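One structure follows; several queries about it will come next.
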Amino acid sequence: MFELSTNVASPQQLRRGDFSAYDALYLGDFSCLNYPGNFSADPESLAEAVDRVRALGKKCYLRLYAVPSNHDLPALRRVIEAALPLPFDAFEVHNLGVLQMLREMGCTKPLHLGVFGNLYTDATARVVKDYGVTRVYPNPELSLKEAIYIRDHTPIQVLIPVHGKIPLVVSETCFILEHSGANPDEKCTFPCAKDHWLTRAAGDWSLKDTGRMTLSGSDLCMLEHIDALAAANLTAFYVQSHGESSEYIAAVGRIYREALTRAFSGQPLGALDDSLRELAGLAKMGLCNGYYFESAGRQYVGRA
Amino acid sequence: MVMMMAPGGTKEMCRLVLDEGADAVYVGVVGWSRRGSEHELTDDEIHETIDYANSRNREVRVVVNTLPSSTEIPALIKRIETYAAWGAKGFMISDVGCMRLVNKLLPHVAIHTSVGCGITNFEDVRFLGDIGATHVVLPYRMTVQEIADIKRKTGVGIEVFLFKTPSGGKICPGKCMMSSYFSYRRWLDDEGKDHFFGSASRGGDCLRVCQTDWAFGVDDADLGQDLQIKTNPALWLDDLPAYLAAGVDCLKVPGRDRSNELVRDIVRFYRRVLDHIAGSDSPDLSPFRPELENFHRRWKVERGSRDRRLIGEAESEAQRADVAGIASHHFAAVH
């Protein structure tokens, strides 16, 4: 049928969250190795976490750090070594060098190419498929038509984000720390626990910043188009929840699970007004459709 | 011997930099090179530039570093084959799938990775070398030691910008889609080529929205400062002997979107610097520093002018979208 997934950064978030609406969880924050308890940086926490997720009847994927410098590679290697014997269903990779490392470390698990893998073409999908990638997250600038083309012509599974802020920039330095007046030599006190916004009155521009990642201000929302996604035989859907509350993750998951279940059983989506109002209430800067309909990331296209 | 590769944002700029001692000139193809069309060349101009360079025993590298749509790849490959047949010696490419295709079709041409590849470590370089890259352009922030390590471990040709960013700020480009998020104009030309205004990756220009003043706030409180999201790189000088000793193969002068006169003067300057380094066992670069400072000033003026124009275009787009009612939708939110 279909798979609905989201992301979980740490053991604390995994314990506290309600992930009942999801079929699979991506463990780890791929943008910041210093984030407290980050699965992507803490080999000690992985065994318990994967057991917990599997016991919930869900698939469990491990996210690997997106922008490792030369200095980060040994630590990344330790995380991979710890994760290889564990029952993860796949690793998510954003960095081509890490693909190379995984192959040379004898990894036989399926690999997913993450959002910062810069995948734009079926030609590139064929390259990464040769390195063991079975699922790709097309670059957010791609339209639905382009993502489907890649799926059909590689062929390969594509992950389709259906809700949440769009990852736009990833950096190896922390923008919040740089501008919070903190001493860069002191231990991080995680000011990113609070919501940080970049705004500009002229043009009504807004972006959310989580320190090492900048996201769209508006939330991508594909609820009105779920039946079209199902009709296109897309099967892997994702709620981008980095930096969001437990309530957000639970509510968004519930709404999309219901819509996907209806769409995949051939039922009409029905009235979505209440759900859209609820989603809009969770989105501080409104809703958008990203680049799916061949336009700017901020545009919202309702149903015809 | 290190190759100095200079920008050719116009046909006139190409001629000037080759006359001033650049070993190669790199030129962008209209719609295919992460710049606005005013800084890209038509096919006729590219052909003439290749002829001019080859007649002087110099080289042309063609920049085709957009991240194309899958359906654009045949048109891209056809162009690359045409330029290679005209005598272009190499290509700058971002899409790794296209890199592998070009390497199979034209094994004799140089393939330079573009900054769009977003390299962060030596394993990236090994990967790209394995699929056919002959040169990798390394990010501004890598140290000389890291560059030497990469050269030793991979054997891939190393290209560095004569441009460095101070610490801080966001990675860009290769990991940034901020500009296209705020742009609304997109069209396909007669050949099916995507021209997404505001997306450098998809045939448009980066609108430099990172360079406007942003308010930065926590929750609903403003931190009280207007800031720019990305720090700007600057031309550099003092580390050049160390970079050459580390095995750098190619020095890339930036500036396709600067004036012909500024780029001509910069190329002339670095030609003198490189010749000075080649002619001395312990080169003293201090006499060159005042001239470099002058370039920094001239560069800043030209960059500011261009940034203001592009940000203004982004603002116009936003206003148009607001009038048309196509921007982010708020519904009647339940809070």
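Just so you know, these numbers come straight off a predicted model, no measurement behind them. The chains referred to below are lettered A, B, ... by the order of the sequence lines, with proteins before strands, and numbering in each begins at 1.
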Next on the checklist: I need the residue from A/R126, A/E294, A/Q100 with the largest number of non-hydrogen atom pairs under 4.5 Å to chain B.
Outcome noted: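 Maximum pair count with chain B is reached by A/Q100.
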Next on the checklist: I'd like to know which of A/V115, A/L207, A/D273, A/L142 tops the heavy-atom pair count under 4.5 Å against chain B.
Outcome noted: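 Winner by heavy-atom pair count: A/L207.
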Item to check | Contacts of type ring pair (Phe, Tyr, Trp, His ring centres under 6.0 Å), residue B/F161, not counting sequence neighbours | outcome: B/Y140
Checklist entry - With a 4.5 angstrom heavy-atom cut-off, which part of A/N139 approaches chain B: side chain, backbone, both or neither? => result side chain
Next on the checklist: Quick check on A/Y149 against chain B: is it the side chain, the backbone, both or neither that has a heavy atom closer than 4.5 Å?
Outcome noted: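 Just its side chain gets close to chain B.
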Checklist entry - Where does A/S143 contact chain B at under 4.5 Å (heavy atoms): side chain, backbone, both or neither? => result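 For A/S143, no heavy atom lies under 4.5 Å from chain B.
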Checklist entry - Can any side-chain N or O of A/T124 pair as donor or acceptor with the backbone N or O of B/D95 at less than 3.5 Å? => result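 No: the side chain of A/T124 does not pair with the backbone of B/D95.
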Checklist entry - For B/I111 and B/F91, what are the C-alpha separation, side-chain angles and deciding distance, and is it a side-chain contact (heavy atoms from CB on, under 4.5 Å)? => result CA-CA 5 Å; B/I111 297 175; B/F91 298 88; 5.6 Å; no
Checklist entry - Relative to chain A, which segment of B/L67 carries a heavy atom at a distance below 4.5 Å: side chain, backbone, both, or neither? => result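 Both parts, backbone and side chain.
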Checklist entry - Checking B/M99 against chain A: side chain, backbone, both or neither under 4.5 Å from a heavy atom? => result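 For B/M99, neither part sits under 4.5 Å from chain A.
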Next on the checklist: What part of A/P191 gets within 4.5 angstrom of chain B, counting heavy atoms only: side chain, backbone, both, or neither?
Outcome noted: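 Contact with chain B involves no heavy atom of A/P191 at all.
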Next on the checklist: Can you tell me which of A/D72, A/I166, A/I176, A/L96 forms the most heavy-atom pairs within a distance under 4.5 Å of chain B?
Outcome noted: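 Between A/D72, A/I166, A/I176, A/L96, the count favours A/L96.
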Checklist outcome for this item: Bottom line for A/L119: the part with an atom under 4.5 Å from chain B's heavy atoms is neither
Checklist entry - With distance as the sole test, does A/D209 use its side chain to make a donor-acceptor pair with the main-chain N or O of A/G211 at under 3.5 Å? => result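 Yes, because the side chain of A/D209 sits within donor-acceptor range (under 3.5 Å) of the backbone of A/G211.
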Item to check | Heavy-atom proximity to chain A below 4.5 Å, by part of B/D213 | outcome: backbone
Item to check | Parallel, tilted or perpendicular: ring planes of A/H242 versus A/F30, cut at 30 and 60 degrees | outcome: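 The arrangement is parallel - the two ring planes meet at less than 30°.
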Next on the checklist: So for B/I150, is it side chain, backbone, both, or neither that comes closer than 4.5 Å to the heavy atoms of chain A?
Outcome noted: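 For B/I150, side-chain heavy atoms alone lie under 4.5 Å from chain A.
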Item to check | A/F175 and A/H196 aromatic centres sub-6.0 Å | outcome: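 No, too far apart.
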Checklist entry - Should the ring pair B/H112 and B/H135 be called parallel, tilted or perpendicular, given that the plane angle runs from 0 to 90° and is split at 30 and 60? => result parallel
Next on the checklist: Among A/S216, A/A66, A/P140, which residue has the highest count of heavy-atom pairs closer than 4.5 Å to chain B?
Outcome noted: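 Option with the greatest count: A/S216.
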Checklist entry - Do B/S114 and B/S94 have side-chain atoms, one donor and one acceptor, less than 3.5 Å apart? => result yes
Checklist entry - By a 4.5 Å heavy-atom criterion (distance strictly below it), what part of A/L73 contacts chain B: side chain, backbone, both, or neither? => result side chain
Item to check | Under 4.5 Å from any heavy atom of chain A - which part of B/R126 | outcome: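 For B/R126, backbone and side chain are both near chain A.
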Item to check | Contact origin within A/D130 toward chain B - heavy atom pairs under 4.5 Å | outcome: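 Just the side chain, heavy atoms under 4.5 Å.
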Next on the checklist: Report which part of A/H94 has an atom under 4.5 Å of a heavy atom belonging to chain B: side chain, backbone, both, or neither.
Outcome noted: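 A/H94 touches chain B through backbone heavy atoms alone.
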Checklist entry - Any donor and acceptor pair, going by atom type alone, linking the side chain of B/T120 with main-chain N or O of A/P68 inside 3.5 Å? => result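 Side chain of B/T120 to backbone of A/P68, a donor-acceptor pair under 3.5 Å: yes, one is there.
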Next on the checklist: Run the salt bridge (Lys or Arg N to Asp or Glu O under 4.0 Å) test against A/D219 and tell me which residues pass, sequence neighbours left out.
Outcome noted: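 Testing A/D219 for salt bridge (Lys or Arg N to Asp or Glu O under 4.0 Å), a comparison that skips the adjacent residues, returns A/K165.
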Next on the checklist: Between B/K193 and B/G31 (side chain of the first, backbone of the second, donor and acceptor by atom type, cut-off under 3.5 Å), is there such a pair?
Outcome noted: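 Yes.
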Checklist entry - Quick one: of B/D130, B/L101, B/I131, who has the most non-hydrogen atom pairs under 4.5 Å with chain A? => result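 Of B/D130, B/L101, B/I131, B/D130 has the most heavy-atom pairs under 4.5 Å with chain A.
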